[in-house]
Chemist: 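So that we are looking at the same thing, I have put the structure below in structure tokens.
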Amino acid sequence: MSLGNILIPLQKEMVDLERVMKDLLKSQVPFVQSVAEYIIDNGGKRVRPLLTILCARLCGYHGEDAYRMGSCIEFVHTASLLHDDVIDNAKLRRGKPSANAKWGNHVSVLVGDFFYCRASQLLTGQGNLHILKVVTDAITTLTEGEVLEITKNMDLNTSVEDYLTIIKNKTAVLFAAACQIGGILGNVSDDNQRALMEYGLNLGMAFQLADDALDYTSEQDVFGKENGIDLQEGKITLPLIHAIQKSTPQEIQFIRDSLMAEHLDRAALLKISNIIQKYNGFTETYQLAENYTHRAREAILPFRHSLEKDMLLHIADFVVTRNN
Ligand code: GRG
């Protein structure tokens with residue numbers, strides 16, 4: 001099922017979320033506001049804020065703060081994308097020119113800071129110290145994950161364990177926070193908060209694993225960025241790690257030379273994709289993603305049946321079947 005189909009019962013909430021975010025991006029400096037709106041209006045699946053809203057409702061909370069805290073998480077995510085696109089010198093984001101490509105690195109970093117500051121204002125305005133702690137802990141981990149990833153750049157000895165730590169830090173922990181704060185808003189027990197956190201963490205792992213497979217296999221028009229970007233940026237992700245573990249010395253040499261090359265041409269990318277395919281790198285990546293999805297689903301089984309629970313279970317399936 002597509003995310004759009006899963007979220008049909010949540011159409012009104014999605015419109016409300018867009019309205020709340022737009023409102024929160026008002027700035028006294030018109031240029032800041034127009035850059036921020038360019039980024040937000042360019043789409044994005046809004047998976048993280050929707051998780052906050054769904055988890056809050058699962059826990060009986062239907063108030064406005066679910067939208068504000070969901071927006072806070074989406075703003076942290078957007079800040080990290082803006083900074084990441086500068087670090088990676090990315091040209092495209094969500095199928096459109098990235099902010100750094102359009103306005104340069106200074107604007108991209110500073111508008112990223114603006115998103116981050118708005119997120120902080122939302123947290124202090126909300127006033128719940130527990131939510132503040134969950135989100136700021138997640139941002140710290142996210143930043144550490146990004147730095148850890150840089151230290152492993154181009155390292156063909158990157159282990160599966162290293163890789164899993166990186167994706168947990170840079171992606172899964174923010175998913176976990178998005179879900180847990182829904183539980184905090186609903187005032188549920190520590191056990192139930194932990195269950196939501198587990199759901200988000202495992203979902204985030206599956207999400208990033210699928211992302212790393214899609215980086216090689218997706219259609220650019222659908223995924224919103226070019227194929228093989230991870231390899232071009234020297235990122236050693238799980239499909240490649242699996243292939244490296246089984247490759248011949250000649251194949252490893254080819255992968256190493258391609259990583260060192262100033263420009264990765266289409267033929268080299270295709271050859272590396274074929275090597276990954278030959279050693280089941282994509283299949284194994286998806287199998288691991290399915291394992292995490294299974295754990296995510298298990299984590300929320302104790303919650304009573306509801307529309308929100310069904311949607312969360314469907315989202316767990318979506319993250320591994322998605323093509324964007
Ligand atoms: C300033 C808060 C802050 C952090 C700085 C740069 C950095 C530290 C972290 C970057 C971490 C990063 C880019 C992780 C990738 C996460 C990821 C899977 C992004 C794609 O998410 P989607 O598919 O994107 O949900 P859309 O476009 O749908 O929103």
Chemist: What closest approach, in Å, do Gly112 and Ala79 show between heavy atoms, and which atom pair accounts for it?
Modeler: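 The answer is O-CB, 3.3 Å.
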Chemist: To the closest 0.5 Å, what do you measure between CE (Met21) and CZ (Arg68)?
Modeler: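 Met21 CE to Arg68 CZ: 13.5 Å, rounded to 0.5 Å.
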Chemist: Carefully, step by step, assess Thr217 and Phe282 under the rule side-chain contact (heavy atoms from CB on, under 4.5 Å).
Modeler: CA-CA 9 Å; Thr217 59; Phe282 298 124; 3.9 Å; yes
Chemist: Checking Thr52 side chain against Ala178 main chain: does a donor-acceptor pair fall under 3.5 Å?
Modeler: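 Checked: pair present.
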Chemist: Check whether more than 12 heavy atoms from other residues, nucleotides or ligands sit under 6.0 Å from atom CD of Glu161, and answer yes or no.
Modeler: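 No.
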Chemist: Considering all heavy atoms of both residues, which atom of Asp162 and which atom of Asn157 are nearest to each other, and what is their separation?
Modeler: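 Looks like OD2-O, 4.4 Å.
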Chemist: Are the side chains of Thr237 and Pro239 in touch, meaning some heavy atoms are under 4.5 Å apart?
Modeler: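 The answer is yes; the side chains approach within 4.5 Å.
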Chemist: Is any side-chain heavy atom of Phe303 closer than 4.5 Å to one of Leu196?
Modeler: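 Sidechains of Phe303 and Leu196: in contact.
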Chemist: Check this for me, if you would: do Glu146 and Lys170 make a salt bridge, where the nitrogen-to-carboxylate-oxygen distance has to be below 4.0 angstrom?
Modeler: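 No.
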Chemist: Is there a donor-acceptor pair closer than 3.5 Å between any side-chain N or O of Thr136 and the backbone N or O of Leu132?
Modeler: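 Present.
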Chemist: side-chain contact (heavy atoms from CB on, under 4.5 Å), that's the test. Do Glu198 and Asn202 meet it? Break it down for me.
Modeler: CA-CA 6 Å; Glu198 281 293 319; Asn202 286 296; 3.4 Å; yes
Chemist: Are side-chain N/O atoms of Tyr279 and Glu251 paired as donor and acceptor at under 3.5 Å?
Modeler: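 Yes - a donor-acceptor pair under 3.5 Å links their side chains.
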Chemist: What's the shortest heavy-atom distance between Ser80 and Leu142, and which atoms?
Modeler: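 Answer, listing the atom of Ser80 first, then Leu142: CB-CD2, 3.9 Å.
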Chemist: Would you indicate whether Lys168, at its atom NZ, is surrounded by more than 12 heavy atoms from other residues, nucleotides or ligands within a distance under 6.0 Å?
Modeler: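 Open.
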Chemist: Quick check: does any side chain N or O of His314 sit under 3.5 Å from a backbone N or O of Ile6, one acting as donor and the other as acceptor?
Modeler: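 Flag not set: sc His314 to bb Ile6 has no pair under 3.5 Å.
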Chemist: Any side-chain donor paired with an acceptor under 3.5 Å for Asn100 and Ser98?
Modeler: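 Checked: Asn100/Ser98 side chains pair up, N/O donor to acceptor below 3.5 Å.
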Chemist: Establish whether Met69 and Val76 are linked, either directly or via other cluster members, by ILVMFWY side-chain heavy-atom contacts under 4.5 Å.
Modeler: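 Hydrophobic grouping puts Met69 with Val76.
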Chemist: Test Ile40 against Phe115 for side-chain contact (heavy atoms from CB on, under 4.5 Å), laying out the working first.
Modeler: CA-CA 11 Å; Ile40 284 292; Phe115 273 100; 3.9 Å; yes
Chemist: Can you tell me if Asn169 uses its side chain to pair, donor with acceptor, with the backbone of Thr143 under 3.5 Å?
Modeler: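 Looks like no, no N/O pair under 3.5 Å.
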Chemist: Minimum heavy-atom separation for Leu264 to Ala268, with atom names?
Modeler: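 Looking at all heavy atoms of both residues, the shortest contact is CD1-CB, 4.0 Å.
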Chemist: Might you point out which heavy atoms bring Ala210 and Tyr286 nearest each other, and give the distance in Å?
Modeler: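 Residues Ala210 and Tyr286, closest heavy atoms: O-OH, 4.0 Å.
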Chemist: If we only count heavy atoms from C-beta on, is the Leu312 to Leu51 side-chain gap below 4.5 Å?
Modeler: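 Yes - at least one pair of side-chain heavy atoms lies under 4.5 Å apart.
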Chemist: Considering residues, nucleotides and ligands other than Lys271, do more than 12 of their heavy atoms fall under 6.0 Å from its NZ?
Modeler: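 Check fails, neighbour count at 12 or below.
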Chemist: Using modelled atom types only, decide if a donor and an acceptor are shared between the side chain of Asn128 and the backbone of His130 within a distance under 3.5 Å.
Modeler: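 Yes, the answer is positive, given that a donor and an acceptor are paired below the 3.5 Å cut-off.
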Chemist: So, do Leu123 and Gln126 sit near enough that their side-chain heavy atoms are less than 4.5 Å apart?
Modeler: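 No; the side chains remain at least 4.5 Å from each other.
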Chemist: Measuring from atom CG of Leu238 to atom OG1 of Thr285, what distance do you get when rounded to the nearest 0.5 angstrom?
Modeler: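 So the CG of Leu238 and the OG1 of Thr285 are separated by 4.0 Å.
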Chemist: Are the side chains of Ile315 and Tyr199 in touch, meaning some heavy atoms are under 4.5 Å apart?
Modeler: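 Yes, close enough: below the 4.5 Å cut-off.
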Chemist: Are Lys235 and Asp212 within salt-bridge range, i.e. N to O under 4.0 Å?
Modeler: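 Not counted as a salt bridge, because no side-chain N and carboxylate O are separated by less than 4.0 Å.
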Chemist: Under 4.5 Å between side-chain heavy atoms, hopping through other hydrophobics if needed: is there a path connecting Leu122 to Ile181?
Modeler: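 Leu122 clusters together with Ile181.
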Chemist: Would you say the side-chain atoms of Thr171 and Gln208 include a donor-acceptor pair closer than 3.5 Å?
Modeler: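 Looking only at side-chain atoms, Gln208 and Thr171 do form a donor-acceptor pair, the distance falling under 3.5 Å.
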Chemist: Do Arg19 and Asp16 have side chains that approach each other closer than 4.5 Å (heavy atoms only, starting at C-beta)?
Modeler: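 Yes, at least one pair of side-chain atoms sits under 4.5 Å.
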Chemist: Could you give the distance from CG (Leu3) to CG (Asp317), rounded to the nearest 0.5 Å?
Modeler: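 Reported to 0.5 Å precision, the distance equals 12.0 Å.
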Chemist: With the threshold set at 4.0 Å, does a side-chain nitrogen-carboxylate oxygen contact exist between Glu284 and Lys246?
Modeler: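 Looking at Glu284 and Lys246, the cut-off is met.
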Chemist: Give me the one residue out of Asn153, Ile272, Leu156 that meets side-chain contact (heavy atoms from CB on, under 4.5 Å) with Leu259.
Modeler: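 Passing option: Leu156.
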Chemist: A quick test of your reading: do over 12 heavy atoms of other residues, nucleotides or ligands sit less than 6.0 Å from NE2 of His294?
Modeler: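 Counting neighbours around NE2 of His294, 12 or fewer heavy atoms of other residues, nucleotides or ligands fall under 6.0 Å, so no.
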Chemist: Check whether Gln33 reaches the backbone of Ser27 with its side chain - one donor and one acceptor, N or O, closer than 3.5 Å.
Modeler: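 Yes; judged by distance alone, with no hydrogens or angles, the pair exists.
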Chemist: According to a 4.5 Å side-chain heavy-atom criterion applied to Ile, Leu, Val, Met, Phe, Trp and Tyr, with indirect links allowed, do Ile229 and Leu269 form part of one hydrophobic cluster?
Modeler: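 No, separate clusters.
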Chemist: Using atom types as modelled and distance alone, determine if a side-chain donor or acceptor of Arg94 lies under 3.5 Å from a backbone N or O of Ile39.
Modeler: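 Confirmed, Arg94 side chain pairs with Ile39 backbone.
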Chemist: Salt bridge (Lys or Arg N to Asp or Glu O under 4.0 Å) between Asp85 and Lys91: does it pass, once the steps are laid out?
Modeler: CA-CA 8 Å; Asp85 285 346; Lys91 301 279 174 281; over 6 Å; no
Chemist: Can you tell me how far apart CG (Leu110) and CZ (Phe31) are? Round to the nearest 0.5 Å.
Modeler: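 Going from CG on Leu110 over to CZ on Phe31, the span is 10.0 Å.
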Chemist: Measure from NZ or CZ of Lys152 to the centre of the six-membered ring of Tyr163, then state whether that distance is under 6.0 Å and the direction lies within 45° of the axis.
Modeler: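 Pair Lys152/Tyr163 does not count as cation-pi.
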Chemist: Considering only NZ, NE, NH1 and NH2 on the basic side and carboxylate oxygens on the acidic side, decide whether Glu74 and Arg46 come within less than 4.0 Å.
Modeler: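 Salt bridge between Glu74 and Arg46, a charged N being under 4.0 Å from a carboxylate O: yes.
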Chemist: Return yes if a side-chain donor-acceptor contact under 3.5 Å exists between Asp257 and Gln253, otherwise no.
Modeler: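 Present: a donor and an acceptor within the cut-off.
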Chemist: With clusters defined by side-chain heavy atoms of hydrophobic residues (ILVMFWY) lying less than 4.5 Å apart, directly or transitively, does Tyr216 cluster with Leu214?
Modeler: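 No, Leu214 and Tyr216 fall in different hydrophobic clusters.
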Chemist: Indicate yes or no: at least one non-hydrogen side-chain atom of Ile276 is less than 4.5 angstrom from one of His242.
Modeler: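 Result no, sub-4.5 Å side-chain heavy-atom pair not found.
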Chemist: Could you state the interatomic distance from SG (Cys72) to CZ (Arg118), rounded to the nearest 0.5 Å?
Modeler: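 The SG atom of Cys72 sits 12.0 Å away from the CZ atom of Arg118.
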Chemist: Main chain of Asp215, side chain of Ser218: is a donor-acceptor contact present, judged purely on distance under 3.5 Å?
Modeler: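 Checking the backbone N and O of Asp215 against the side chain of Ser218, no donor-acceptor pair under 3.5 Å is found.
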Chemist: Please work out whether the ring planes of Tyr38 and Trp103 are parallel, tilted or perpendicular, with thresholds of 30° and 60°.
Modeler: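 The rings of Tyr38 and Trp103 stand perpendicular, inter-plane angle above 60°.
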Chemist: Side chains of Ser159 and Ile241, heavy atoms from C-beta outward: is any pair under 4.5 Å?
Modeler: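 Heavy-atom side-chain distance check fails, nothing below 4.5 Å.
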Chemist: How close do Ile87 and Ile150 get, counting heavy atoms only, and between which atoms?
Modeler: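 Looking at all heavy atoms of both residues, the closest pair is CG2-CD1, 4.2 Å.
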Chemist: Do Leu240 and Met154 share a hydrophobic cluster (ILVMFWY, side-chain heavy atoms under 4.5 Å, transitive)?
Modeler: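 Linked, Leu240 and Met154 end up in one cluster.
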Chemist: To the nearest 0.5 Å, what is the distance between CD (Gln277) and CG (Leu270)?
Modeler: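 So the gap between those two atoms works out to 10.5 Å.
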Chemist: Evaluate Leu81 against Thr78 for side-chain contact (heavy atoms from CB on, under 4.5 Å), listing each step before the verdict.
Modeler: CA-CA 5 Å; Leu81 296 184; Thr78 310; 5.5 Å; no
Chemist: For the ring-ring contact (aromatic ring centres under 6.0 Å, His included) test, which of Tyr292, Phe175, Phe318 pairs with Phe207?
Modeler: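 Testing each of Tyr292, Phe175, Phe318 against Phe207, the sole residue satisfying ring-ring contact (aromatic ring centres under 6.0 Å, His included) is Phe175.
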